[in-house]
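Here the structure is laid out as structure tokens; the discussion comes afterwards.
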Amino acid sequence: MITGIKGFNDILPGDVERWQHIEATARRVFSLYGFSEIRIPILEKTELFRRSIGDTTDIVEKEMYSFVDKGENAVTMRPEGTASVMRSYIEHKLYAQDPVAKLYYMGPMFRYERPQKGRYRQFHQIGAEVTGVTDPKVDAQVLTMLCHYFAELGLTEPTLQINSLGCPECRPAYRQALIDFLRERLDSLCDDCKRRYQTNPLRALDCKSAHCKEATATAPAMLDSLCAGCDDHFAVTRRHLEWAGTAYSINNRMVRGLDYYTRTTFELVTGLLGAQSAVAAGGRYDGLISDLGGPAIPGIGFAMGVERIALLLGDQHFTRRPDLFIAALGEEAQNEAFRLMCGLQRSGVAVEMDYEGKSLKSQMRRSDKFNARFTLIIGGDELAKGAAVLKAMDTGVQAEVPLTPEEIAARITITA
């Protein structure tokens, strides 16, 4: 028997319906805020992620699925979506139509990590990006949309945490202050933080090692080093969140793992999934588009993990019920049931039937398994008079209906 690759999971019937609900809710909510879907390729040039995410990040250093293809091109299976969306935005000159673009995407991403609950080597994200706006009102709107989405799913958790990472004007001084702080505590840091404390010191602030958490407990906070512009941007973002009625808390240790973030950063976190507390995360990336060869256009966006959202939804059932199950007794009735089924399906009615001519008892068990809304039993008597009893399974109400797709479809619609 050939089994699947570790960390690459099948999504089976029963679970797929939950995923479809997650995706459909995103499409519905995002459209309310003016977003359009973009579909990006799985495979990109490796340089795209090195330039955008940063050579010193864990993703680039350890986690990317990269290889040289038969054309001697260095390619990578996308580890995240923002860089690909921005590459497409630049390549197709979407900014020429309008620098303000609202785009969302969904699909698989790939990182070589130790598989654990809600975190796999092939994982799925839904993300959204806004370009062309520096005003903090758009920061607040993006965060409000994200919280609106989780409310539509019926999830009271996760909760929103925000921070500011400053900008190229104020971050260098903070970065140096943090390096100086960490240098005095190197012996207490994990091997990863020791190795990168000069190249990527901010990562020490969200390291999961207990030793690093303790060693950095009194580390300087970026919020205390913001320039006037960044401080004002963060204050206005918070004010608009409050006006929108979007609850939040400030987490001054939040740094995110990608180099391109500036100013507003955020996470939606929960205590319901163990160590994997972040369900959605993102931030502003005002320099990314120009770093990738495009014009100096700002941006902000987020991504959320579909696997983790599915875990939060738990055992809720999203399986679609068939509208009708037809139980047919005898070959002639089976043929009539098949004819009716095809006609009803063409008119938009979901229909199931038994194909093997089993006993009525067996067919009724199958109807119960499908949890059909209505059941129609056809035998010789029903064929002779051209009508059968249609039963509403939830209420037990029965009514005779002519054996035509039009009459059955109309009766199901009216009764429902």
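For the numbers below, each heavy atom of this structure counts, side chains included, while hydrogens, waters and symmetry mates do not. Positions are given from 1 along the sequence.
- Of all the heavy atoms in Arg111 and Pro79, the pair that sits closest is NE-O, 2.9 Å.
- Nearest heavy atoms, Asp135 versus Arg284: O-NH2, 3.9 Å.
- Heavy-atom contacts from other residues, nucleotides or ligands closer than 6.0 Å to CZ of Phe338 number 12 or fewer.
- Closest approach of Cys190 and Cys212 over heavy atoms only: N-SG, 3.1 Å.
- The pair Arg239-Asp232 does not count as a salt bridge, with every side-chain nitrogen at least 4.0 angstrom from each carboxylate oxygen.
- Counting only N and O atoms by type, the side chains of Glu44 and Thr76 include no donor and acceptor under 3.5 Å apart.
- The pair Arg373-Asp323 meets the salt-bridge criterion, with a side-chain N (NZ, NE, NH1 or NH2) lying under 4.0 Å from an Asp/Glu carboxylate O.
- Although no hydrogens or angles enter the test, the distance criterion places a donor-acceptor pair under 3.5 Å between the side chain of Glu80 and the main chain of Ala83.
- Considering all non-hydrogen atoms of both residues, Val16 and Ile11 come closest at CG2-O, 3.2 Å.
- Taking every heavy atom of both residues into account, Ile40 and Arg78 meet most closely at O-NH1, 2.8 Å.
- With salt bridges taken as basic N to acidic carboxylate O contacts below 4.0 Å, one links Glu400 and Lys385.
- Distance alone, capped at 3.5 Å, is enough to place a donor-acceptor pair between the Gln363 side chain and the Lys358 backbone.
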- Test Arg365 against Asp368 for salt bridge (charged side-chain N to carboxylate O under 4.0 Å, His left out), laying out the working first. CA-CA 5 Å; Arg365 281 199 300 265; Asp368 289 339; over 6 Å; no
- Test Thr216 against Arg253 for side-chain hydrogen bond (donor to acceptor under 3.5 Å, both in side chains), laying out the working first. CA-CA 10 Å; Thr216 61; Arg253 295 179 64 86; 2.6 Å; yes
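- The aromatic rings of Phe30 and Tyr104 sit perpendicular, their planes meeting at an angle over 60°, well past the 30° parallel limit.
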- Task: Determine, stepwise, if the pair Asn163 / Thr265 fulfils side-chain hydrogen bond (donor to acceptor under 3.5 Å, both in side chains).
- Result: CA-CA 5 Å; Asn163 193 22; Thr265 55; 4.6 Å; no
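- Applying the 6.0 Å contact sphere to NZ of Lys194 captures more than 12 heavy atoms from other residues, nucleotides or ligands.
- Taking 4.0 Å as the cut-off between side-chain N and carboxylate O, Glu17 and Arg320 do not count as a salt-bridged pair.
- Here the closest non-hydrogen pair linking Leu226 and Ser164 is CD2-OG, 3.6 Å.
- By the 6.0 Å and 45° rule, Arg121 stacks over the aromatic ring of Tyr112.
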- Task: Apply side-chain hydrogen bond (donor to acceptor under 3.5 Å, both in side chains) to Thr25 and Glu152, showing your working.
- Result: CA-CA 7 Å; Thr25 303; Glu152 287 295 300; over 6 Å; no
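- Remark: side-chain polar atoms of Tyr120 are not paired, donor with acceptor, to backbone N or O of Lys6 under 3.5 angstrom.
- Using a cut-off of 4.0 Å between Lys/Arg side-chain N and Asp/Glu carboxylate O, Glu336 and Arg339 are scored as salt-bridged.
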- Query: Could you walk me through whether Tyr89 and Glu129 pass the side-chain hydrogen bond (donor to acceptor under 3.5 Å, both in side chains) check?
  - Reply: CA-CA 11 Å; Tyr89 175 80; Glu129 319 289 348; over 6 Å; no
